[in-house]
Every structure is written in structure tokens, then in C-alpha cells.
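I have placed the structure first, in the form of C-alpha cells, so that the comments after it can refer back to it.
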Amino acid sequence: MNKPTPALVTQREAQPLPRWALLIFCAAYLLPGLFGRDPWKAADISAFGYMLSIAQGQSSWWAPTVGGLPPDAALLPYWLGAAFIKLLGPTLGTPLAARIPFAALLGLVLALTWYSTYHLARTEAAQPLELAFGGQASVVDYSRALADGAVLGLIATLGLLQLGHETTPELVQLLGAALFLYALAASPFRGKKAKLAALTALPMLAASGAPSIAVALGLAGMLVCLRSAYPAVKDFAVWVTIATALSAGLATALGAWALRLGSYDTPDRLASLVRLLLWFAWPAWLLSLWTLWRWRLHILRRHIAVPLASVIVMLIACIAMGGSDRALLLALPPCAVLAAFALPTLQRGAASAIDWFSVFFFSVCALAIWVVYAAMQTGVPAKPAANVARLAPGFENSFSALALSVAALATLAWLWLVRWRTGRSRHQIWKSMVLPAGGVALCWLLLMTLWLPLLDYARSYRTLVARIAQHVPRHACITAPSLSLAQLAALEYFGGYQVRASGAPDTTRCEFTAFSVSSAQAREAVPGWEWIATENRPTDRNDATAIYRRRQR
């Protein structure tokens, strides 16, 4: 017996978001941060270092190294970045060339989230109640409207902002997780495409450093398929099994199996996990909980069970890895799908609360970004200008008419969006996600235009390497056994140094050595080596790099 659904949607409420508007949202989210910046610390430049090492022939495709150290993830993401560096690096520059495929991956994640929601919303159990006198939403329009809401909800999540715009293996993992979600969602309607997606998604996860998650997702997918009432979906369990076996075999061939378990030995670690769970998937996790409550009688139906199974797998992985935000990143697409099914059940008061919170919060954030930008350009107000000078000593601001124009247009677009949303009643079911997604896109665009020189100065290692170059000739050999992987990659990229991170300094022929030290250890004696200088990044006074020259024998 079919249980009544909590969704009551008219045809008027199921009007989809215009395609041009959705594309503008996606472009405003994807493009900022792509141009005009260095690779940032720490995971961003670490992954970039392996890609550059392969592209420049400093290490092999099968065994990339940075400072002589191998990567801790599988090879597929590094191959992808290296291929684009070789193809587009001479024309566009190596950082931009490496970022282009990863921006495309994020765009594919948004598209797969849309199609996953669309296919899940087409199932019989997900349909809204039929109205007594007709006028209920058509299946296609209802599904498209929910899919639009899912994409807006994914854009609105705070955790996707920085991690989604990096060149790291986690972005390839995110694509694999989203592709597998699509495979399960589309299996009743797109048999061949769904099989190909499953056979690609799980091996992609295994080849990008997440084989355990690939196997766990495969097992969860098998369970969901076997419990389905669709015969085609029951048969699809065989293909999920094959994909799981392929991912396990590929991980074994690449040597990608590794346990990255964390511990909760202090209360602070547990509190950090709770804080991560609260803000990382905001506001999608709140709407997802509302979905689980309102659709509780349908929790085993595929439009709820498919995304819920993926979210549970990622939550377990996040907790097992000690509160890893990069594991939780993979839960965002299915969480956005769950959140979309809350939209047709939201009461007017809840929708208004989301709107007014978004208007207040993101308008204040945008205003703060503009005030600090004005202070950097003119020195007024004085207090923000003094704070910038104190937190980023040595920073010299520059003016860009293009950045100012783009930021001004984005701000005007936000004001228009607020007026459109709050000026009169809107009936579309995706309306509650417009302001959260627009606010996140606005603030990200303002940061990547008005604040980009400041953020690049604060998060790049270029200044540190320039200071080191005052004492160590470019392209010299440096042994650096205690430096982080990000610092090793920065020395190789920005300074062109030959870096050796393995083995004791005395076992190499390098004339210089570098140690990561605190301020109290700035001139600590090292037998056989003569201290030259201690340098640090201008925005990080606690972590310094001490430079030594080998004593003449």
C-alpha cells in the first residue's frame, strides 16, 4: 500500500529556475579563484607540486615525488593536473593550467547533483499528492524544480567553498562520489548510462586515494538496489558488485590501501568534530534532517534511501578519520539531494526565517568585505587599515579596475536578488535556496576580486621563498628533513631549488639545509652547519624556517 507523501505542490510552485539564471549562479561560483593567484597552502600547493614534478619530467608518472617524498594518495589526480600543465602550461601558466580541469570537475559535480535529484524525484514514491480538483505539478516540472533546489543547496554549503576550489585529490574523489550517486539514481531510467557511471565512479574513487570509501559505497549501493521494488534496479546490484570489485583490484594494483584513522584522545578533538559537523554542510544538513522527519514513512524508498546511504558512509568515514573535513566533503552532494526534498514541505515561517537570515548574514559579510577593501585602498576607515597592516606586514596593495567592476556588478545583482525575493510573494519551491546560494556566491566572488591580492599574499609561500632566496642562490641544493610537504613544493616551484627531504642532512651533498623551527629556536646550533638566517611568512610568525650552510672542512 502506498503511503501518502508530505509534499503538496501545484503546477505554479513547480516552475523551474530559468536555465540562464542557474548557469549564472554556477559561473559566479566556479570562476572566482580560478585566475590570478598562486597555489595556496597547504594541500593545494602540495598536490600542485606532484603535478608539476611529473609535467617537468623531474619524476616519473608512476612514482611522482616532491623533495624525494612520494604522495599519500593514488595517482589519478596528479596525472590529470600534469596532463593539463603539459598541454596548457606554456600558454596559460602552470597554476592556471592545473586548476582548469579541477574547476571542470566541480562543474560536473554540480551537474551530477542536478541529474541525481531529477531522477530520484521522478520515482512514484517521491511524487506530491494529487489535488482534488487537479492542478498538481507535472512529474517533469516537479523533478526539475527540486533539482534546481539541490544545486542551489550545494552551492550554499559552506564546506565546499575552499575545498571545492583547490587542485587536490579530494575533488576527484568528490566527482567519483557524485557520479556513483547519479548511477544509483538513474538506474531505473538510464540503464546503460547508469552502468557506465557505476563502473567509472568506484574505480575513480579508488584511483584518487579513497579505496575504502569506494568499497563502503559499493556495499551500501548493493543493499539499496536489492531492496528496491524496481526490477531494473535489482539487476543493477550486479553491476555495483562488479564496480566494487574493480575498485578493490585497482587500489591493490596502485598500492592505494591505507588506513587514516584518527583518535579522540582529548575533549578538544571531540568538540572540533562537533563544530565541523555543524558548519561544514550548513544549511543543507538542517534541511536534510527536516526531510528525514517529514518523509519518515518513506525512508526506505529510493528517493530517500539512495542519498541517505551515501551520507551515512561519509559520516562514518569522517568520524573514523578523526573529524576529517575532506572525508565530509564527499557527503555534500547527497546531503544537498536530501535537502531538496525538504523544500516542498517547508512551512511559510521556516522559509521566511531562511530568507531573512540569509539577507542579514550575507549582507553584513559583503559590507565588511567592502569596508576592508576601502581601507586598503584609501586608509579610511583607519582601524581596518591598521588591522591589515598588523596582520599582513609588508603587504602592498594594488588596484584593479576589472576586479572593482566585477565586484560592483555582483553587489548590484545581490541587491536585485534580495528585492526580487522579498519584494513580493514567490511560489516556486526552490525559492528558499536562492538567497543562501546567492549570498555564498557573492561573498566568494568579492573575496576573490577585492581581497585577492591580500589573500594571495597571506596564503602563498612566494614571499617566504623570496626571503630565503636572499641567502640561498636559486637552483641550489637544499636538504629539508623537517619541512612540511607544502614548504618543499614551494621551494621547488617558487625557488627552483633541488630539495632533499629524506635522510639526514649530513648524508647528502647539499650545501644548505633548512629546518622548521619556533621563534625560540631561531638560532639553535646544529653541529657541522653554520646558521645564516631565520625567515618566516609575513602572516605566520609562529612557524619559521631556519637556513644553515655546511661548514667548510
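Going from atom CG of Leu175 over to atom OG of Ser208 covers 9.0 Å, rounded to the nearest 0.5 Å. Here the CD1 atom belonging to Ile45 is positioned 9.5 Å from the OG1 atom belonging to Thr167, to the nearest 0.5 angstrom. Separation of atoms CD1 (Ile478) and CD1 (Ile468) is listed at 6.5 Å; rounding is to 0.5 Å. With rounding to the nearest 0.5 Å, the separation of CG in Leu315 from CG in Leu277 is 6.5 Å. Taken from CG in Leu464 to NZ in Lys41, the straight-line distance is 11.5 Å, to the nearest 0.5 Å. Rounded to the nearest 0.5 Å, atoms CH2 (Trp529) and CD1 (Ile547) are 11.0 Å apart.
A donor-acceptor pair shorter than 3.5 Å cannot be found between the side chains of Ser516 and Ser482. A donor-acceptor pair shorter than 3.5 Å cannot be found between the side chains of Ser324 and Arg326. Using modelled atom types and a 3.5 Å distance limit, the side chains of Trp282 and Thr157 yield no donor-acceptor pair. Side chains of Trp257 and Ser212: no donor on one and acceptor on the other come within 3.5 Å. Between the side chains of Asp44 and Thr168, no donor-acceptor pair of N or O atoms lies under 3.5 Å.
Not one N or O on the side chain of Ser53 forms a donor-acceptor pair closer than 3.5 Å with the backbone of Pro64. One N or O on the side chain of Glu492 and one on the backbone of Gly67 form a donor-acceptor pair closer than 3.5 Å. Listed for the Thr449 side chain is a donor-acceptor partner under 3.5 Å among the backbone atoms of Leu446. Not a single donor-acceptor pair under 3.5 Å links the side chain of Glu511 to the backbone N or O of Cys477. Looking only at distances, a side-chain donor or acceptor of Tyr457 sits under 3.5 Å from a matching main-chain atom of Pro393. Between the Arg467 side chain and the Asn536 main chain, a donor and an acceptor come within less than 3.5 Å of each other. In terms of modelled atom types and a separation under 3.5 Å, the side chain of Trp444 and the main chain of Pro32 share a donor-acceptor contact. At least one donor-acceptor pair under 3.5 Å links the side chain of Gln487 to the backbone N or O of Ser484. In this structure, Tyr497 contributes its side chain and Val472 its backbone to a donor-acceptor pair below 3.5 Å. A donor-acceptor pair is defined here as one N or O able to donate and one able to accept, closer than 3.5 Å; no such pair exists between the side chain of Ser247 and the backbone of Pro203.
The two residues Ala216 and Val313 make their nearest non-hydrogen contact at CB-CG1, 3.8 Å. Residues Cys335 and Val311 approach most closely at N-CG2, 3.7 Å, considering heavy atoms. Taking all atoms of both residues into account, the shortest heavy-atom contact from Asp456 to Gly36 is OD2-O, 4.4 Å. Heavy-atom minimum distance, Leu330 versus Gln173: CD2-C, 3.7 Å. Contact between Ala248 and Val215 at its shortest, heavy atoms only, is CB-CG2, 4.4 Å. Across every non-hydrogen atom of Gly218 and Thr244, the tightest pair is CA-OG1, 3.3 Å.
No side-chain heavy atom of Thr545 sits under 4.5 Å from any side-chain heavy atom of Phe515. Two residues are said to be in side-chain contact when any heavy atoms from C-beta on lie closer than 4.5 Å; Val371 and Pro384 meet this criterion. Side-chain contact between Leu202 and Leu246 is absent, with no heavy atoms from C-beta onward closer than 4.5 Å. In this structure, Cys318 and Leu273 have side chains that are in contact, with non-hydrogen atoms separated by less than 4.5 Å. Two residues are said to be in side-chain contact when any heavy atoms from C-beta on lie closer than 4.5 Å; Met314 and Leu217 meet this criterion. At least one side-chain heavy atom of Val465 sits less than 4.5 Å from a side-chain heavy atom of Arg474. Side-chain contact between Trp62 and Leu75: present, with at least one pair of heavy atoms (C-beta onward) separated by less than 4.5 Å. With contacts defined as side-chain heavy-atom distances shorter than 4.5 Å, the pair Thr463/Arg537 does not qualify.
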side-chain contact (heavy atoms from CB on, under 4.5 Å) evaluation trace for Leu154 with Leu110: CA-CA 8 Å; Leu154 183 57; Leu110 296 177; 3.6 Å; yes
Audit row: Val172, Phe102, side-chain contact (heavy atoms from CB on, under 4.5 Å) steps and yes/no: CA-CA 8 Å; Val172 182; Phe102 289 86; 3.9 Å; yes
Steps toward side-chain contact (heavy atoms from CB on, under 4.5 Å) verdict (Leu112, Leu181): CA-CA 8 Å; Leu112 289 170; Leu181 177 67; over 6 Å; no
Candidate pair Leu205 and Leu179, rule side-chain contact (heavy atoms from CB on, under 4.5 Å), full reasoning: CA-CA 10 Å; Leu205 275 166; Leu179 187 59; over 6 Å; no
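With Asp38 as the fixed residue, the salt bridge (Lys or Arg N to Asp or Glu O under 4.0 Å) test singles out one of Arg462, Arg99, Arg459: Arg462. With Tyr50 as the fixed residue, the ring pair (Phe, Tyr, Trp, His ring centres under 6.0 Å) test singles out one of Tyr78, Trp79, Tyr493: Tyr78.
Taking the six-membered ring wherever Trp is involved, the centroid distance between the rings of Trp279 and Trp285 does not fall below 6.0 Å. A ring-centre distance under 6.0 Å is found for Tyr29 and His165. A centroid separation of 6.0 Å or more is found between the aromatic rings of Tyr461 and Phe494.
Using cut-offs of 30° and 60° on the angle between ring planes, the pair Tyr373 and Trp370 is perpendicular.
Relative to the ring axis of Phe512, Arg550 does not place its NZ or CZ within 45° and under 6.0 Å from the centre.
Taken together, Cys443 and Cys365 fail the criterion of an SG-SG distance shorter than 2.5 Å.
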